[in-house]
2 protein chains.
Amino acid sequence: MARVRMRDVAEHAGVSVRTVSNVVSGYEHVSPDTRAKVQRSLDELGYRMDYLARGLRSGRTGFIALAVPFLAEPYFAELAQAVIRAAGRRGITVLVESTAGDSGVERQIIEGGLTNVADGVLLSALTLPAGDVAAKKPDFPLVMLGEHSVGDQFPRVGIDNVAAARTAVEHLLEQGCRWIVALGRNGSENGRQRTEGYEQAMSAARVRRVNWLVVPVEDWTRDQGYAAVRELLEGDGPLPDAIFAFNDALAVGALRALDASGVRVPEDVAVVGIDAIQESAYTHPPLTSIAPDLDAIAERALALLEEQIQSRGASEEAAPDGEAQVGAVVAAPQEPTPYRLVVRESSRREAPRE
Amino acid sequence: MARVRMRDVAEHAGVSVRTVSNVVSGYEHVSPDTRAKVQRSLDELGYRMDYLARGLRSGRTGFIALAVPFLAEPYFAELAQAVIRAAGRRGITVLVESTAGDSGVERQIIEGGLTNVADGVLLSALTLPAGDVAAKKPDFPLVMLGEHSVGDQFPRVGIDNVAAARTAVEHLLEQGCRWIVALGRNGSENGRQRTEGYEQAMSAARVRRVNWLVVPVEDWTRDQGYAAVRELLEGDGPLPDAIFAFNDALAVGALRALDASGVRVPEDVAVVGIDAIQESAYTHPPLTSIAPDLDAIAERALALLEEQIQSRGASEEAAPDGEAQVGAVVAAPQEPTPYRLVVRESSRREAPRE
DNA sequence: TCCAGGTCTTGCATCGATGCAAATGATCAC
DNA sequence: GTGATCATTTGCATCGATGCAAGACCTGGA
């Protein structure tokens, strides 16, 4: 059974190929009779659109690419799920790429490796050096997820990392914690911002500098969190009051390390994370975290991307060989998406210690 | 900057379009001179292949689709990651679909909704009724992941669910457990098989029937595991010895419920899961689980799929309007992929109780 | 009766690449 | 010198759909 093409349907129904196309695409000026007749042939032969051919001719494929560093990291998996769901509502199919934190792949994407397969790209960059994005000036629709895009050349969707970190730390301070360790500083922009939020909150609360501590890690993974806290516990000094982990994976690792050493949470050390991944409701004890609104992120990212996709179509008409004007269209800076503080046991203290 | 096409490169290099194509695709009979010249133009103009056009003409896109029920479920996320990695090694790009456990979407995929965008499909079906797959006889390359494909019409890759369940239960028996609850029976084929493995092990160990218990759930999620165990604990009877959860998500929920009720693991109740998701190494206590070899699954699934893809190309030549012969090509039943038992604290008993 | 203005339908060119087979040119054996 | 062989390069048709614009047909008003 070879493929059924529009031509086959057209012959079967006794109309032209173009008319079949009109029926399929829902063109309005088709007589009810013709439409019914064609529809019958369509069903009978089991016609299915060849998306490649349509994409080639029309310049739109109905696909977008989503690039995340590690799909196996819960946060990205949940983000991907949200994007896929939101895209489904818009009739868009998502092509998921895993860049594996390799800036080579990320760069390739920036340079348009997926253009004309995907109408646009959602990029959750991890390692990409700031300069690269700026330098490349991609000429296709692109929206950054999570990270501040340096120089704000492209729209970016995500929470305010500084504010989110500040909220988390303020919560710990409200619980009476005074000696709070920030866990997770690394080379990323995101890490820098969350560190800044931590410092703002500590500073505003007039916590003495000797009680500030920023612990570096390589990746934001459970095992790095575990290893870092393990090391912290092996020192002979007194324990901190609380740990603010830059994401939940680190927090999960921290909880495990504390548990293994018999440190009580939250009585001895309170813990807070960011992301509110599903797992965080099931840790021991359940983890307090900052919950970004993933659906809102996905929705807005797609809206922005579609905006770019449409304006691109238009601008290419207007200026066949002009400069890349994509960025300009969406010059308006985006407000950060909302987040919530989800308070669970890991940070709840009956009566502040101090 | 409009797109650079082969034609542009050809003009720039002073050769024919076909020669450019030959250089790009690595055709061997191209003189070094020409190749170098074309390559220079390619680089200079920044040529990038239009995959749609190539796919349309050649019938191969270099994409495969991976359909999983919930991408946000760690097991599927990790599976997807493994598939993406393995595909990357073969120069294949993966299109991830989330069927959301909706058999409508699954059926659509079976019926070929993605054909000629994807060269083949890897389907991890969840809800799809047995009959559907059998009835539809898809005429495109398809490999099932995880589930036994009913009637074995298509190749299927995955562990032996019965044996894996048996291994898990045998481990509990070896630890001295006698009253083991199986948690997770539901409508799925997978659930049936794991129940069977449980029964085989219990039966072989001559455990009294009164100590058998299979607890049903709707989905294999943390909250279902939590709710089911919660209910179990609220009964006034004595506690079971152990819980065998059909997957790690259920086990995580179970652990949380036990923890919340002050039941000690493994002293009071031992717990074992299946999947060995990354999270399972960080639970309280760390969870014993069955670890399928995801890389092996991904590798083999891709190998089988490529085999089908190639043989399809061939068979279409041979029999332009013949029946779907895809299934026949891979008639040889597949051996299950390997798995390991990963023993952690949740099931380790110093001295058996009984 | 004729034309304007609308609906409905169609043919042809085209998107950017590759399959096919033939043309060109070089090399070699006889 | 001549035909055969092989490497190299090319032109043309084609994959399956849509953009475009014109053609066919119908209606109602002058």
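Considering CZ of A:F63 and CG of B:L95, their distance stands at 5.5 Å, rounded to 0.5 Å.
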Using atom names, set out every protein N or O paired with an N or O of nucleotides 4-7 of chain C below 3.5 Å, distance rounded to 0.1 Å.
none

So which protein nitrogen or oxygen atoms get under 3.5 Å of nucleotides 10-13 of chain C's nitrogens or oxygens?
{"from": "C:dT10", "atom 1": "OP2", "to": "A:S16", "atom 2": "N", "distance (Å)": "3.1"}
{"from": "C:dT10", "atom 1": "OP2", "to": "A:S16", "atom 2": "OG", "distance (Å)": "3.3"}
{"from": "C:dT10", "atom 1": "OP2", "to": "A:T19", "atom 2": "OG1", "distance (Å)": "2.5"}

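For the pair B:D8 CG and C:dA17 C1', the interatomic distance rounds to 13 Å; values are reported in whole Å. When the P atom of D:dG16 is taken as reference, atom CZ of B:R54 falls 17 Å away, rounded to whole Å. Per the geometry, CZ belonging to A:R3 stands 11 Å off C1' belonging to D:dA17, to the nearest Å. Rounded to an integer number of Å, the gap from CG of B:L52 to P of C:dA17 is 10 Å. Taking atom CG on B:D50 and atom P on C:dT18, their separation rounds to 10 Å, with Å as the unit. When the P atom of D:dG16 is taken as reference, atom CZ of A:R48 falls 13 Å away, rounded to whole Å. Distance, A:L56 CG to D:dA17 P: 12 Å, rounded to whole Å. Residue A:Y27 contributes atom OH, which lies 13 Å from atom C1' of D:dT18 at whole-angstrom precision.
Taking the charged nitrogens against the carboxylate oxygens, B:R3 and B:D8 have no contact shorter than 4.0 Å, which rules out a salt bridge. Classification of B:D43 and B:R40 as a salt-bridged pair fails, no side-chain N sitting under 4.0 Å from a carboxylate O.
Checking C:dG16, D:dA17, C:dC8 against every side-chain atom of A:S31, the shortest atom distance belongs to C:dC8. Among the nucleotides D:dA17, D:dG16, C:dT18, the one closest to the side chain of A:M6 is D:dA17.
The minimum heavy-atom distance between A:S41 and A:A13, with the atom names listed, is OG-CB, 3.2 Å. Residues A:G62 and A:D119 approach most closely at N-OD2, 2.8 Å, considering heavy atoms. Here the shortest heavy-atom pairing between B:S98 and A:Q81 reads OG-OE1, 2.9 Å.
Stem list for DNA chain D (at least 3 consecutive Watson-Crick or G-U pairs, distances under 3.5 Å): C:1-30 with D:1-30.
Sorted by first and then second residue, the pairs that involve residues 8-56 of chain B and meet ring pair (Phe, Tyr, Trp, His ring centres under 6.0 Å), not counting sequence neighbours, are B:Y27-B:H29.
Of the possible polar contacts, one joining the B:R156 side chain to the B:G146 backbone as a donor-acceptor pair under 3.5 Å is found. Side-chain atoms of B:T61 come within 3.5 Å of backbone atoms of B:V117 as a donor-acceptor pair (strictly under, hydrogens ignored). With B:Q308 contributing its side chain and B:L142 its backbone, the two residues share a donor-acceptor pair below 3.5 Å. Judged by distance alone, the side chain of B:T34 and the main-chain N or O of B:V30 form no donor-acceptor pair under 3.5 Å. Within the 3.5 Å criterion, the main-chain N or O of A:R54 finds a donor-acceptor partner in the side chain of A:S58.
When each of A:V24 and B:A53 is assigned the nucleotide of DNA chain D bearing its nearest heavy atom, the one mapping closer to the 5' terminus is B:A53.
No side-chain donor-acceptor contact under 3.5 Å links A:T337 and A:D293.
Not counting sequence neighbours, the partners of A:E299 by the side chain to side chain contact (heavy atoms under 4.5 Å, CB included) test are A:A86, A:R89, A:R90.
Within residues 35-43 of chain B, no residue has any heavy atom closer than 4.0 Å to DNA chain C.
An OP1 or OP2 oxygen of D:dT18 is reached within less than 4.0 angstrom by no side-chain nitrogen or oxygen of A:Y51.
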